[in-house]
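One structure is given here, and the rest of the page talks about it.
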Amino acid sequence: MHPWGKWGRNFVEYGVKAARDALADSGVNWRDVQFVSGAATIRNGYPGQVAGATFAQALGWQGAQVNTSYAACASGSQALAAARSKILSGECEVALVIGADTTPKGFLKPQPGDRPDDPDWVRFRLGITNPTYFALYARRRIEMYGDTLEDFAQVKIKNAQHGLSNLNARYRKAFSAADVAASPMVADPLRLMDICATSDGAAAIIVSSLDYARKIGRAKAPRIAAISTVTPSFASALVEMPDIATDSAVAVPAQSFRAALPKKAYEEAGIGPEDVSVAEVYDLSTALELDWIEDLQLCARGDAARLLREGVTRVGGRLPVNPSGGLACFGEAVPAQALAQVCELTWQLRGQAGERQVAHAKVGITANQGLFGHGSSVIVKN
Amino acid sequence: MSAVLAEQPTRVPVLEGWFTLDEQRPHLLGSRCTTCGTYYFPKLKGFCRNPGCNGEGFEEVPLSRTGKLWSFTNAAYQPPEPYVQVDKEAFVPFTIAAVELEKEKMIVLGQVVTGTGVEALRAGLEMELVLEPLADGKLTWKWKVAA
């Protein structure tokens, strides 16, 4: 990884640093990498200046096969899925997956111009920003399950505590409920400390076939047991960014997109939620972490705040969630974040997570979601 | 722009064809698939998105102008462009509602009328569609607690 923050440099520099770290960690020589899979973000009209090849050029052209994946926040999982498919099909043995980004200050917002056919333009024209959606989900929890502002604050407190010792995290500071309550309201009931920042950052991973791993003496490396990149199924029940309305469920029953993502991953890995020992989930907002815990089937619908209150989801509890510190400590670096989750699970499964180590971590799952219906859930196991 | 607005102070819709301009009983304008009956907002042309439907024909339909409050929030910070705030110093937080339409079985977002804060709302409230201008004078749909 490249540490996350606001560094003011080019995204390629972050990606190359993360890639070199991953190569060094695995002992794989860059010249031996057969496939480079870059996760892209959109800037200057190009997807990350065509990310896969841009990283390959910066590392030194060596003739590897190349791929660039754009799937908004799910780009990292999609780039990883491309590498895994190449390996499983026998087209290559070892691949490098990279995601890196820089972000502007403040709200993520659409490109300029008048575009009433673009749902992203429409919602911003009406004043509906990203935090609006997080807040609608958060308020729904309060209304349906009796979650409280204190519960949401406790997610921030927990994740901040986890991230204290994480050298790659941008924010390494403990927070109290009073700190959260004193931060400015952004979208009721969510305050600034309930919502993740935007960051620069990068993550990279070396993946290989089992035979190759044996050959380089890494047969015990954690394995990717499943990657789910499913789209929603019609009719999608929740109003999802950037849409202004849900699908109508007149002809077909409404279905949850978030719940569908891990379902496919569990099926592919041949395991169930009861096997999970650690989860890295997409805490765009504090309240959203609670939604994801339920969508991952780690507890019944409406029970996530109870798990939090009982300490189940903190490091030291039965089922730690976001031991890395999550987006609360990292902030969003769009094409890197789904890969950063897999990096954390890898360190957890290897027992290399230091003060934030989850005891006896054997199976980890990620959850993340990209704009416009891009899915992302990865299962890593020992 | 101000000259144009002065001539038509409240009749210019922010999105052309998205809602009727009937000030008393406005409706959002959607599409309904003539094959499977699925509703769409905004309007859809071409191909029905229900994967089990081959429909290509749609009729324009006014959507239900009342529904139940599914969730709500507010915008406490001024949103970035293309949101328009004529006087940047005069930004006042506004409330946003997600309203569930029973007949269409869909949730539609919109601002809540000026003067209604989140403290006045709770899930399940009956909401009604009205028209109100945005900060630049363009008319939009908003949700209001039904009388």
Side-chain angles (χ1 to χ4, degrees), chain A residues 104 106-144 184-192 231 233-240 243-254, chain B residues 14-18 28 30 32-33 35-42 48-53 63 69-85 93-98 100-101 103-111 117-119 121-124 134-135 138 140-141:
Chain A
F107 283 114
L108 295 174
K109 60 186 177 198
Q111 298 289 326
D114 256 13
R115 294 188 314 282
D117 290 338
D118 173 359
D120 212 29
W121 183 89
V122 167
R123 53 131 176 165
F124 276 98
R125 181 70 179 85
L126 299 176
I128 296 174
T129 61
N130 295 12
T132 304
Y133 294 83
F134 315 151
L136 290 171
Y137 307 149
R139 173 61 62 180
R140 183 74 180 167
R141 292 195 65 85
I142 292 173
E143 299 282 316
M144 296 303 290
M185 186 66 81
V186 175
D188 185 282
L190 300 177
R191 294 177 177 276
L192 198 59
T231 69
S233 288
F234 188 89
S236 191
L238 272 186
V239 62
E240 299 277 6
D243 292 326
I244 205 86
T246 58
D247 293 331
S248 151
V250 164
V252 190
Chain B
V14 61
L15 291 155
E16 192 70 50
W18 282 49
L28 294 172
R32 184 176 171 274
C33 172
T35 308
C36 76
T38 297
Y39 292 89
Y40 293 94
F41 181 74
C48 184
R49 291 178 182 168
N50 173 359
C53 177
L63 301 183
L69 187 60
W70 184 83
S71 191
F72 52 95
T73 180
N74 63 9
Y77 277 64
Q78 184 178 306
E81 289 178 355
Y83 179 80
V84 180
Q85 180 71 35
F94 55 88
T95 309
I96 298 165
E100 202 165 8
L101 309 182
K103 181 179 154 203
E104 293 84 359
K105 291 192 174 18
M106 68 196 293
I107 296 169
V108 180
L109 303 188
Q111 289 193 15
V118 288
E119 66 288 343
L121 301 176
R122 63 176 190 280
L134 290 162
K138 297 251 175 99
T140 191
W141 76 88

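Throughout, a chain's letter reflects where its sequence line sits, starting with A, and its residues are numbered from 1. Quantities reported herein were computed from a predicted structural model and do not represent experimental measurements.
Chain A forms more heavy-atom pairs under 4.5 Å with one residue of B:Val14, B:Leu134, B:Asn50 than with any other, namely B:Asn50. Counting heavy-atom pairs closer than 4.5 Å to chain A, the top residue among B:Ser71, B:Ala98, B:Pro82, B:Ala76 is B:Pro82. Counting heavy-atom pairs closer than 4.5 Å to chain B, the top residue among A:Ala235, A:Ala135, A:Gly127 is A:Gly127. Of all the listed residues (B:Thr140, B:Ile96, B:Thr95), the one sharing the greatest number of non-hydrogen pairs under 4.5 Å with chain A is B:Ile96. In terms of non-hydrogen atom pairs under 4.5 Å with chain B, the most contact-rich of A:Asp188, A:Asp247, A:Val250 is A:Asp188.
For A:Asp243, the part sitting under 4.5 Å from any heavy atom of chain B is the backbone (N, CA, C, O) and nothing else. At a 4.5 Å heavy-atom cutoff, the contact between B:Gln111 and chain A is made by side-chain atoms alone. Residue A:Ala237 touches chain B through its backbone alone, counting heavy-atom pairs closer than 4.5 Å. The contact between B:Val118 and chain A is made entirely by side chain atoms (from C-beta outward), counting heavy-atom distances below 4.5 Å. Proximity to chain A (any heavy atom under 4.5 Å) is shown, for B:Trp70, by both the backbone and the side chain. Contacts between B:Leu15 and chain A at a heavy-atom distance below 4.5 Å involve the side chain alone, from C-beta outward. Heavy-atom distances place the side chain of A:Tyr133, and not its backbone, under 4.5 Å from chain B.
Taking CG of B:Asn74 as the start and CG of A:Leu190 as the end, the distance is 10.0 Å to the nearest 0.5 Å. Interatomic distance, CE of B:Met106 versus OG1 of B:Thr38, reported as 9.5 Å (0.5 Å rounding). Atom CZ of residue B:Phe41 and atom CG of residue B:Leu28 lie 4.5 Å apart, to the nearest 0.5 angstrom. The CG atom of B:Leu109 sits 9.0 Å away from atom CG of A:Leu126, with the distance rounded to the nearest 0.5 Å.
Between the A:Thr129 side chain and the B:Pro79 main chain, no donor and acceptor come within less than 3.5 Å of each other.
A:Pro116 and B:Trp18 get closest at one heavy-atom pair: O-CZ2, 3.9 Å. Taking every heavy atom of both residues into account, B:Leu69 and B:Ala97 meet most closely at CD1-CB, 3.6 Å.
With no hydrogens or angles considered, a side-chain donor-acceptor pair links A:Arg123 and A:Asn130 at under 3.5 Å.
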